[in-house]
Amino acid sequence: MVSVARARAGGAARLALRLAIRTVRKHGWLPPGMPDRFGDDDRLAGTSLPQEVMVYFPDTRESLYQLRQWYGPLLELDRRHPVVVVLQDSRTAALVRRELGLPAVTIAHYSRLDDLLSRSRVKLALYVNHNPQNFSGLRFTSLAHVYLSHGESDKGVMVSNQCKAYDFWFVAGQAAIERISAYTMFYDAASRCVPIGRPQLDFDRPPDRPPDRPPDRVAGSARPTVLYAPTWEGAQPSLAYGSLPSHGAPLVRSLLASGRFAVAYRPHPLTGITVTAHGDADAEVRNLIVLAALADPAAGHRVDVDRSLNEVLADANLLV
């Protein structure tokens with residue numbers, strides 16, 4: 001009798017735990033970066049993907065900026081080779097469907113992905129970041145796997161040893177190939193890196209400015225525009241390049257006090273997600289610029305996060 005009672009208690013506890021986890025996921029109370037795994041698994045049972053290209057994005061809304069940079073090229077690719085986006089987070093999938101307009105499915109369990117791809121026409125998998133969950137897609141030998149990245153810089157992540165997991169790495173140009181060759185051991189960058197330029201610029205490009213029209217006129221201010229666009233704090237110490245806590249507020253105060261510039265601030269989308277000090281510094285800089293804009297509306301001071309990065313860069317005279 002005691003063992004039966006214990007078994008029932010254990011079963012009730014497990015049920016309560018599952019319900020609690022489901023409630024947390026349903027209401028979006030998960031920590032940043034954790035997918036909710038509310039998948040389309042049951043609906044996809046016994047079906048196949050008719051598309052030829054799979055974009056594998058197991059991340060959450062906080063990192064969606066990485067995929068958004070490829071919306072234009074993906075839509076163009078879809079005209080010739082149909083594209084589907086495979087995700088692990090239902091909230092992110094809903095945004096992708098609304099913003100991109102391409103098929104987007106949420107697959108919570110690896111077994112469903114294995115079952116689905118075994119009957120599908122997908123021959124190419126694309127990845128825009130180094131999320132560890134990418135290995136769920138990389139396992140499949142029937143696909144070609146290509147790493148796109150979501151931008152290029154001299155950060156350590158651009159020479160990550162993770163690049164060896166992909167069949168090819170599409171890069172902007174020769175500088176990237178030389179960087180990877182110099183800093184990645186036992187990797188034949190010359191044969192596995194494919195220069196493709198920056199196709200995003202074909203779709204996300206501000207109108208050409210007449211030669212006699214300076215950028216500050218476009219931005220709506222009579223003053224030259226200084227853009228402060230710091231990167232985030234990084235996920236680990238070796239990638240901690242962010243300048244906000246050490247330089248952010250003093251820099252912005254100095255620019256504002258000079259009275260000579262319109263100050264535009266463009267924080268990285270992930271600022272403050274891992275280090276509280278960066279979030280606090282971000283809030284301080286935003287507050288400085290908002291107060292300055294209220295005090296002098298004609299100056300052109302702004303927190304510029306709603307437009308594309310290319311538009312923001314095109315409006316700037318100077319970049320920090």
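Source: prediction; values computed, not measured. Values below: all heavy atoms of this structure, side chains included; hydrogens, waters and symmetry mates excluded.
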Chemist: Give a yes or no on whether the backbone of Phe57 and the side-chain of Asn131 come within a donor-acceptor separation of less than 3.5 Å.
Modeler: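 A pair under 3.5 Å: no.
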Chemist: Taking all atoms of both residues into account, what is the closest heavy-atom pair of Leu75 and Leu100, and its distance?
Modeler: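 Answer, listing the atom of Leu75 first, then Leu100: CD2-O, 3.4 Å.
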Chemist: What's the spacing between Asn134 CG and Asp59 CG if we round to 0.5 Å?
Modeler: 8.5 Å
Chemist: Would you please name every residue forming a ring-ring contact (aromatic ring centres under 6.0 Å, His included) with Tyr127, sequence neighbours left out?
Modeler: His145, Tyr166
Chemist: Which pairs with one or both residues in residues 289-320 pass ring-ring contact (aromatic ring centres under 6.0 Å, His included), sequence neighbours excluded?
Modeler: none
Chemist: To the nearest 0.5 Å, tell me how far Trp169 CH2 sits from Leu148 CG.
Modeler: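 These two atoms lie 11.5 Å from each other.
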Chemist: Taking atom NE2 of His130 as the centre, does the number of heavy atoms from other residues, nucleotides or ligands within less than 6.0 Å exceed 12?
Modeler: yes
Chemist: Please round to the nearest 0.5 Å and tell me the distance separating atom CG of Leu49 and atom CG of Leu116.
Modeler: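 Output value for this atom pair is 4.0 Å.
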Chemist: Is the CZ atom of Phe168 crowded by more than 12 outside heavy atoms at less than 6.0 Å?
Modeler: no
Chemist: Between Arg286 and Tyr265 (side chain of the first, backbone of the second, donor and acceptor by atom type, cut-off under 3.5 Å), is there such a pair?
Modeler: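 Here the side-chain-to-backbone pair does not exist.
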Chemist: Counting N and O atoms only, with roles assigned by atom type, does the side chain of Glu233 sit under 3.5 Å from a partner on the main chain of Thr274, one being a donor and the other an acceptor?
Modeler: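 Pair found, side chain donor or acceptor close to backbone of Thr274.
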Chemist: Quick one: pull up NE2 in His150 and CD in Gln200 and give me the separation to the nearest 0.5 Å.
Modeler: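 Here the interatomic distance stands at 11.0 Å.
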Chemist: Sort out for me which residue in Leu44, Asp40, Leu117 forms a side-chain contact (heavy atoms from CB on, under 4.5 Å) with Arg112.
Modeler: Leu44
Chemist: Between Tyr228 and Ser243, what is the shortest heavy-atom contact and its length?
Modeler: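 For Tyr228 and Ser243, the tightest heavy-atom pair comes out as OH-OG, 2.8 Å.
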Chemist: Please check if atom OH in Tyr110 has more than 12 non-hydrogen atoms from other residues, nucleotides or ligands closer than 6.0 Å.
Modeler: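 Yes, enclosed.
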Chemist: Taking Ser118 for the side chain and Asp115 for the main chain, is one N or O donor matched with an acceptor at less than 3.5 Å?
Modeler: yes
Chemist: Got a donor-acceptor contact below 3.5 angstrom from the Asp41 side chain to the Ala108 backbone?
Modeler: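 Flag set: sc Asp41 to bb Ala108 pair under 3.5 Å.
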Chemist: Verify, without hydrogens or angle tests, whether Arg119 (side chain) and Thr47 (backbone) share a donor-acceptor contact under 3.5 angstrom.
Modeler: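 Checked: pair present.
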Chemist: Say whether Val305 and Leu288 are linked into one hydrophobic cluster, either directly or through other cluster members, by side-chain heavy-atom distances under 4.5 angstrom.
Modeler: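 Yes, Val305 connects to Leu288 through the hydrophobic network.
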Chemist: Quick check for you: to the nearest 0.5 Å, what is the distance between Tyr71 atom OH and Ser308 atom OG?
Modeler: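 With rounding to 0.5 Å, OH (Tyr71) is 14.0 Å from OG (Ser308).
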Chemist: Output the distance between atom CH2 (Trp70) and atom CZ (Phe203), rounded to the nearest 0.5 Å.
Modeler: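 Rounded to the nearest 0.5 Å, the CH2-CZ separation comes out at 10.0 Å.
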Chemist: Looking at Val122, is its backbone amide N or carbonyl O close enough to the side chain of Ser120 to form a donor-acceptor pair, meaning the two atoms are under 3.5 Å apart?
Modeler: no
Chemist: Quick one: do Arg61 and Asp89 make a salt bridge, cutoff under 4.0 Å?
Modeler: no
Chemist: Quick check: is Met34 connected to Val96 through a chain of hydrophobic side chains (ILVMFWY, heavy atoms under 4.5 Å apart)?
Modeler: no
Chemist: Does any N or O in the side chain of Asp304 come within less than 3.5 Å of the main-chain N or O of Arg266, such that one atom is a donor and the other an acceptor?
Modeler: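 Checked: no pair found.
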Chemist: Can Arg253 and Glu284 be counted as an ion pair, charged N to O under 4.0 angstrom?
Modeler: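 Salt bridge between Arg253 and Glu284, a charged N being under 4.0 Å from a carboxylate O: yes.
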Chemist: Which heavy atom of Cys193 sits nearest to which heavy atom of Pro195, and what is that distance?
Modeler: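 Shortest heavy-atom contact: O-CD, 3.7 Å.
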Chemist: Ignoring hydrogens and angles, tell me if any N or O in the side chain of Glu52 forms a donor-acceptor pair with the backbone of His81 under 3.5 Å.
Modeler: no
Chemist: Please give me the minimum heavy-atom distance between Val171 and Ala176, naming the atom from each residue.
Modeler: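 Where Val171 meets Ala176 most closely, the heavy atoms are CB-CB, 3.7 Å.
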Chemist: Any donor and acceptor pair, going by atom type alone, linking the side chain of Arg302 with main-chain N or O of Gly300 inside 3.5 Å?
Modeler: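 Yes, Arg302 side chain to Gly300 backbone: donor-acceptor pair under 3.5 Å.
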Chemist: Should the ring pair Tyr65 and His268 be called parallel, tilted or perpendicular, given that the plane angle runs from 0 to 90° and is split at 30 and 60?
Modeler: perpendicular
Chemist: How close do Ala189 and Ile177 get, heavy atom to heavy atom, and via which atoms?
Modeler: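 What the structure gives for the nearest pair is CB-O, 3.9 Å.
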